[in-house]
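Because the structure is predicted, anything quoted here is derived from the model rather than measured. All chains are named by letter (A, B, ...) in the order of the sequence lines, taking the proteins before the strands, and each is independently numbered beginning at 1.
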Amino acid sequence: MKENSEHEDSFFAKVYAVARLIPYGRVTSYGAIAEYLGTKGSARMVGWAMNSSHSQKLQVPAHRVVNRTGMLSGKHHFGGSNLMQELLESEGIKIEDDQIQDFDAVFWNPMKELY
DNA sequence: TTGCTGACCGACG
DNA sequence: CCGTCGGCCAGCA
């Protein structure tokens, strides 16, 4: 009976849940989320989930998720040329050449902030 | 069903 | 420092 594609417990759903917990003005990495979910090796899936985040009813702050170097690797997926950067800058985050400045200062680690 | 892709990460030379 | 490769696994033609 079921074969429902709407597995609320799916990996994707968990990724969205964590992403929504990212505080305003903070960012995290795909790998950090993956590690928090217990699938560190599947960091790519986190990025893939973000690609489908637009399909979610609830808004997902995908712009607050970047790669481990703090580079806006997903900016091209936000439509526009630098929408992602503008969103982050509007939250007080400094960015230069697609690279977040003081990345360590604004980094939000779910492993440390959540239980 | 098989094969390729991908918003990543870590290791290696 | 830089380029390349393997692993991870869900979605799609």
Side-chain angles (χ1 to χ4, degrees):
Chain A
M1 28 266 101
K2 15 280 44 312
E3 272 92 70
N4 287 346
S5 298
E6 303 188 13
H7 295 242
E8 297 177 355
D9 298 341
S10 68
F11 179 79
F12 278 45
K14 292 178 182 176
V15 173
Y16 303 140
V18 176
R20 294 192 197 100
L21 296 176
I22 303 173
Y24 179 94
R26 296 294 186 111
V27 297
T28 190
S29 67
Y30 305 100
I33 294 175
E35 184 176 19
Y36 175 73
L37 296 178
T39 55
K40 184 181 180 185
S42 301
R44 306 177 87 183
M45 295 300 94
V46 176
W48 197 253
M50 288 293 123
N51 192 22
S52 299
S53 65
H54 68 87
S55 180
Q56 295 300 302
K57 295 177 182 177
L58 299 177
Q59 296 179 337
V60 179
H63 61 281
R64 294 180 187 152
V65 185
V66 298
N67 65 11
R68 65 135 189 139
T69 65
M71 185 167 147
L72 281 56
S73 55
K75 64 174 291 185
H76 295 297
H77 293 260
F78 276 81
S81 56
N82 56 338
L83 175 61
M84 185 177 186
Q85 179 174 334
E86 292 179 7
L87 288 171
L88 291 170
E89 290 183 327
S90 70
E91 297 187 1
I93 296 175
K94 304 296 186 296
I95 301 174
E96 184 175 323
D97 190 29
D98 299 337
Q99 176 65 45
I100 296 177
Q101 304 302 300
D102 294 318
F103 181 56
D104 184 57
V106 295
F107 184 74
W108 179 79
N109 190 340
M111 295 293 284
K112 186 173 183 179
E113 301 295 333
L114 303 176
Y115 288 94

* Asked: Just checking A:N51: base, sugar-phosphate only, or nothing, at a heavy-atom cut-off of under 4.0 Å?
  -> base

* To do: Only pairs at least two apart or in different chains count here, so list each ring pair (Phe, Tyr, Trp, His ring centres under 6.0 Å) that has a residue in residues 75-108 of chain A.
  => A:F103-A:F107

* To do: Would you mind listing the cluster partners of A:L58? Hydrophobic ones only (ILVMFWY), side-chain contacts under 4.5 Å, chaining allowed.
  => none

* Asked: Excluding sequence neighbours, so at least two apart, what forms side chain to side chain donor-acceptor pair (under 3.5 Å) with A:E89?
  -> A:Q85

* Does some side-chain heavy atom of A:N109 sit less than 4.5 Å from a side-chain heavy atom of A:T28? -> no

* Write down the distance separating the P atoms in C:dC5 and B:dC4, rounded off to the nearest Å. => 16 Å

* To do: Classify the nucleic acid contact of A:A49 as base, sugar-phosphate or nothing, counting any heavy atom under 4.0 Å across all strands shown.
  => nothing

* Asked: Which part of the nucleic acid, if any, lies within contact of A:F12, taking any heavy atom under 4.0 Å across all strands shown: a base, the sugar-phosphate backbone alone, or nothing?
  -> sugar-phosphate

* Structure fact -> Outer limits of DNA chain B sitting under 4.0 Å from a non-hydrogen atom of chain A, read 5' to 3', are B:dG6 to B:dG10

* **Listed partners of A:T69 passing side chain to side chain donor-acceptor pair (under 3.5 Å), at least two apart** => A:N67

* Partner set under side-chain contact (heavy atoms from CB on, under 4.5 Å) for A:Q56, not counting sequence neighbours -> A:Y16, A:R20, A:V60

Residues 31-53 of chain A, side-chain donor-acceptor partners within the protein, below 3.5 Å, at least two apart:
unit_1: A:T39; atom_1: OG1; unit_2: A:A34; atom_2: O; d: 3.4
unit_1: A:S53; atom_1: OG; unit_2: A:M50; atom_2: O; d: 2.5

* **5' priority, DNA chain B, between A:H63 and A:K40 [closest heavy atom]** => A:H63

Show the distances under 3.5 angstrom between N or O atoms of the protein and N or O atoms of nucleotides 5-7 of chain C.
unit_1: C:dG7; atom_1: O6; unit_2: A:R44; atom_2: NH1; d: 3.2

* Atom of A:E96, atom of A:Q101 and distance for their closest heavy-atom approach -> CB-NE2, 3.5 Å

* To do: Sorted by first residue and then second, give each ring pair (Phe, Tyr, Trp, His ring centres under 6.0 Å) pair with at least one member in residues 81-100 of chain A; sequence neighbours left out.
  => none

* **With A:E86 via side-chain contact (heavy atoms from CB on, under 4.5 Å) - residues at least two apart** => A:N82

* Asked: Where along residues 24-38 of chain A does a heavy atom fall under 4.0 Å from DNA chain B?
  -> A:S29, A:Y30, A:G31

* To do: Please list residues of residues 81-112 of chain A whose heavy atoms come under 4.0 Å from any atom in DNA chain B, ordered by number; otherwise none.
  => none

* Asked: Under 3.5 Å, is there a donor-acceptor pair between the side chain of A:E113 and the main chain of A:M111?
  -> no

